[in-house]
Amino acid sequence: MKILKYTFALLLCATLSSCSSDDDSNSEDLTGQTGTLTLKFDNGVGDQDFIFGTSYNKSSAESYKLETLKYIISNVRVKDENGNTFTYPSADNVFIVDEAESNNAGEIYIDLDNVDAANYTEITFGLGIDQDRYALGAEGQGNFLTQAEAAGMMWSWATGYRFMRFDGTFSSATVTDEALNIHMGSVGTSLDNYREITLQFPNTVRVRETTTPQVHIVADIAKVFDGETSVELSNGYSQVHTDATTTTVIANNFQNAFSVHHVHNE
């Protein structure tokens, strides 16, 4: 019996020692470390890849084809497993996701450099330009104002930015290849269509000096037309610009179009 007790004690010590050793090896001091986090935006239509010039059906007897697809992302921030939030520096925290600049896999890369090393569990980003940034005036927009103008993502400074630009044609039971232009945005300070999206990661995103995690974010373009509200292109939604009703509906629909498909820790 004493031998059994002694053997059990040895096994218990070995187990505790092993656990202690594992805990020590798993602990990391990330103080002062930074890394790069890559966001990969991938536009699709339902379970299909988005392709310019391809006809996609809506829930109604309508279809659409796009030749321009771009939108503004801003105010990117990530939250770690301890509830701490890292916000990308404000001056550089605004991007244009342009399908025309995608790679062969249909992905648009955004590299966030000098992100605090941590284990992140969720991401938040804005769709469009918030009122605080707009209130900085034209001089306060930095290089992004020139970039947005070159990309056709502004009406005028007084009116503001186009948060999204979908251009193409639509067809219905009564028309074929009619013009389609959805240019949703805020209208100065009188109409605020800025929206924020928070997405949980399916697994921990490990930002380190030696690794560059990739977060694959899918935007389901079908939800812009058939989302929280299903819109009819032939009934006021083929030309969306500054109208308070139609732009707000599109903003709400687009807000719910994003999801994280998967994460690579590389």
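Hydrogens, waters and symmetry mates are skipped; everything else that's a heavy atom, side chains included, is used. Given the structure is predicted, the values throughout are model-derived calculations rather than measurements.
- With 3.5 Å as the limit, one finds no donor-acceptor pair spanning the side chains of Thr198 and Glu122.
- Between Ile250 and Ile182 there is a side-chain heavy-atom pair separated by less than 4.5 Å.
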Tell me which donor-acceptor pairs under 3.5 Å the side chains of residues 90-97 have, and how far apart each pair is, sequence neighbours excluded?
unit_1	atom_1	unit_2	atom_2	d
Asn93	OD1	Asn75	N	3.2
Asn93	OD1	Val76	N	2.7
Asn93	ND2	Val76	O	3.1
Asn93	ND2	Tyr88	O	3.0

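- Legend: residues meeting ring-ring contact (aromatic ring centres under 6.0 Å, His included) with His261, ordered by chain and number and at least two apart, are His216.
- For the pair Arg162 (side chain) and Gly152 (backbone), a donor-acceptor distance under 3.5 Å is present.
- A distance below 6.0 Å separates the ring centres of Phe254 and Tyr71.
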| task | Check step by step if side-chain contact (heavy atoms from CB on, under 4.5 Å) holds for Val224 and Met164. | result | CA-CA 11 Å; Val224 173; Met164 61 182 289; 4.1 Å; yes

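- Listed by first and then second residue, the side-chain hydrogen bond (donor to acceptor under 3.5 Å, both in side chains) pairs that reach into residues 250-260 are Arg195-Asn252, sequence neighbours excluded.
- Inspection of the Thr247 and Asn193 side chains reveals an N or O donor paired with an N or O acceptor under 3.5 Å.
- Side-chain atoms of Ile51 and Tyr56, non-hydrogen and from C-beta on, do get closer than 4.5 Å to each other.
- A salt bridge does not link Arg206 to Glu81: none of the charged side-chain nitrogens sits closer than 4.0 Å to a carboxylate oxygen.
- Of the charged side-chain nitrogens involved, none lies within less than 4.0 Å of a carboxylate oxygen, so that Glu232 and Lys58 do not count as a salt-bridged pair.
- Under the 4.5 Å side-chain heavy-atom criterion for grouping Ile, Leu, Val, Met, Phe, Trp and Tyr, Val260 is connected to Val207 within one hydrophobic cluster.
- Residues forming a side chain to side chain donor-acceptor pair (under 3.5 Å) with Thr189 (at least two apart in sequence, or on another chain): none.
- Screening residues 96-145 for ring pair (Phe, Tyr, Trp, His ring centres under 6.0 Å) gives Phe41-Phe125, Phe125-Phe258, Tyr134-Trp157, Phe144-Tyr161 as the qualifying pairs, with residues at least two apart or on separate chains.
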| Stepwise, does the side-chain contact (heavy atoms from CB on, under 4.5 Å) test hold for Val215 with Leu37? | CA-CA 8 Å; Val215 178; Leu37 173 61; 3.9 Å; yes

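- In Asn143, the CG atom is not crowded: 12 or fewer heavy atoms of neighbouring residues, nucleotides or ligands sit closer than 6.0 Å.
- Residues in residues 179-200 take part in these ring pair (Phe, Tyr, Trp, His ring centres under 6.0 Å) pairs, two or more places apart or across chains: His183-His241.
- A salt bridge is absent between Asp42 and Lys40: the closest approach of a Lys/Arg side-chain nitrogen to an acidic carboxylate oxygen does not fall below 4.0 angstrom.
- Donor-acceptor pairing under 3.5 Å is recorded for the side chains of Thr38 and Asp111.
- A donor-acceptor contact closer than 3.5 angstrom links the side chains of Asn181 and Asp167.
- Counted by atom type alone, Ser59 and Ser230 present one or more donor-acceptor pairs between their side chains at under 3.5 Å.
- Cluster membership check: Leu136 does not share its hydrophobic cluster with Met153, using side-chain heavy-atom separations under 4.5 Å among Ile, Leu, Val, Met, Phe, Trp and Tyr.
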